[in-house]
Amino acid sequence: MKKEWPLWEVFIRGQHGLNHRHVGSLHAPDAEMAIKNARDVYTRRKEGVSIWVVPSAQITASDPGAKDALFEPSMDKIYRHPSFYDIPDEVGKM
Amino acid sequence: MYAQMVKTDATKVRSLSEMTEQERAFQERIDRGEKIEPTDWMPEGYRKTLIRQIGQHAHSEIVGQLPEGNWITRAPTLERKAILLAKVQDEAGHGLYLYCAAETLGVSRDELIELLHAGKMKYSSIFNYPTLTWADIGAVGWLVDGAAIMNQVPLQRTSFGPYSRAMIRICKEESFHQRQGYDIMMKMAKGSPAQRRMAQDALNRFWYPSLMMFGPSDKDSVHSAQSMAWKIKINTNDELRQKFVDQTVPQAEYLGLTVPDENLKWNEEKGGYDFSEPDWSEFFEVLKGNGPCNRERMEARVRAWEDGAWVRDGLMAHADKRVAARTAAE
């Protein structure tokens, strides 16, 4: 029998109050071992306070070819940013 | 350098006008300093060369544990033992970051390991030299990790996203490795006459193999030129070797040790040292498998892999069984 351990994506919360962030991946037979391995591989120097692992096969990614269709429309909506609006100084801080 | 003489399949570096439209768009992204991600289109040569380079780099980290692991049970104090354990554990981590980066290119870790064990992939020549005394552990940290840092710091800017991110992580941890090595050398160099002799002997044996780590001059190499155009290599081998010598010689002087090179001399004009080339015939013999420890290293790797097979298979079988039990219960 020969079967390679599946790949897991590892997410670490660096400090309390921050989001978990993707830090890399690793191989492990199951979720429990993936957490144990992630602890050794990615948090040897106090890099985190919490670990998530997700089977890599479970990640759905956007199509890199659809980048323009997905993200281009937000480029011309500059009115979504506060700096689009000129508020006179007399009004004070807003 | 942890990856030596990586081939690119290129026979010449093509100009933008000689490329297909897709290739040109790719090269222009690299020229603009954009990062290439695994799902982006890339030329086959870029993918293959990176698998070779990152794979060789990963293998070097893993095989590199062996010469130092040799001294974990023999470290002179409990503190030195804890430090060495932490360092060797880091090397395992570095290997894993790099295997994962290589895997994003469509090769599996097991495939890479099998290629190494079949002698079809290489690891750095430096790990085929023995660590005969405790001072060698100092010399390895100081010189070998020092040379690795020289190469890895610029690679943080490499064009391939996963490789760049792995390099950034590795560089953060690598400085500890060099400093703990130099700390051992300081202790030995300021110690008894016997300790001083050991420190000098370690420097004598590791100096030229460390210079070889950067690989032979590649100023006329088409592979090197192609890798530099792709930004998977940032400096020439000679540039990095010169930088390494310029940085290391004053450190040896501080220790009161003599670099084993009669021709070593400060060259005011170039603002760097003149130094002797290592014996490149020795380097090629080591690459061919005829270095002092090549067979021992590969035997240790293959044995560890084969002896661990039942554990890997057992854990996988257990995980599969639990999934099956859960599915049946639903």
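Being a predicted model, the structure only gives us computed values, none of them experimental. Below, chain A is the first sequence line, B the second, and so on; all start at residue 1.
Note on A/R44 versus B/E173: salt bridge recorded, some NZ/NE/NH1/NH2 to OD/OE distance being below 4.0 Å.
Between A/S25 and B/C100, the shortest heavy-atom distance links the atoms O-SG, 2.9 Å. A pairwise comparison of heavy atoms in B/A319 and A/P29 identifies CB-O, 3.3 Å as the closest pair. Contact record, B/E103 with A/L7: OE1-CD1, 3.6 Å, taken as the closest heavy-atom pair.
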Checking B/D90 against A/R45 for the salt bridge (Lys or Arg N to Asp or Glu O under 4.0 Å) test, could you report, in this order, the C-alpha distance in whole Å, the side-chain angles of both residues, the deciding distance, and whether it holds?
CA-CA 10 Å; B/D90 272 355; A/R45 288 180 178 79; 2.5 Å; yes

Report the C-alpha distance between B/R169 and A/V23 in whole Å, list the side-chain angles of each, state the deciding distance to 0.1 Å, and finish with yes or no for side chain to side chain contact (heavy atoms under 4.5 Å, CB included).
CA-CA 10 Å; B/R169 283 192 84 85; A/V23 293; 4.0 Å; yes

Please assess B/D313 against A/K3 for the test side chain to side chain contact (heavy atoms under 4.5 Å, CB included), listing each intermediate value before the final yes or no.
CA-CA 7 Å; B/D313 291 347; A/K3 192 175 160 198; 6.0 Å; no

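A/K77 NZ: more than 12 foreign heavy atoms inside a 6.0 Å radius. Within a 6.0 Å radius of CZ in A/R80, no more than 12 heavy atoms belonging to other residues, nucleotides or ligands are found. Surrounding CD of A/Q15 are at most 12 heavy atoms belonging to other residues, nucleotides or ligands under 6.0 Å away. For CG of B/L16, the number of neighbouring non-hydrogen atoms (other residues, nucleotides, ligands) closer than 6.0 Å is greater than 12. Atom CG of A/N19 has 12 or fewer neighbouring heavy atoms from other residues, nucleotides or ligands inside a 6.0 Å radius.
Here the CE atom belonging to A/M33 is positioned 11.5 Å from the CE atom belonging to B/M316, to the nearest 0.5 angstrom. Rounding to the nearest 0.5 Å places CG of A/D30 at 13.0 Å from NZ of B/K321. Taken to the nearest 0.5 Å, the CG atom of A/D40 stands 5.5 Å off from the CD atom of B/Q89.
In this structure the side chain of B/L96 never reaches within 4.5 angstrom of the side chain of A/H27, judged on heavy atoms. Under the 4.5 Å side-chain criterion, counting only non-hydrogen atoms from C-beta, B/R322 is in contact with A/E32. Side chains of B/L315 and A/W5 form a contact here, defined as non-hydrogen atoms less than 4.5 Å apart.
B/Y97 places a side-chain N or O within 3.5 Å of a backbone atom of A/V41 that can act as its donor or acceptor partner.
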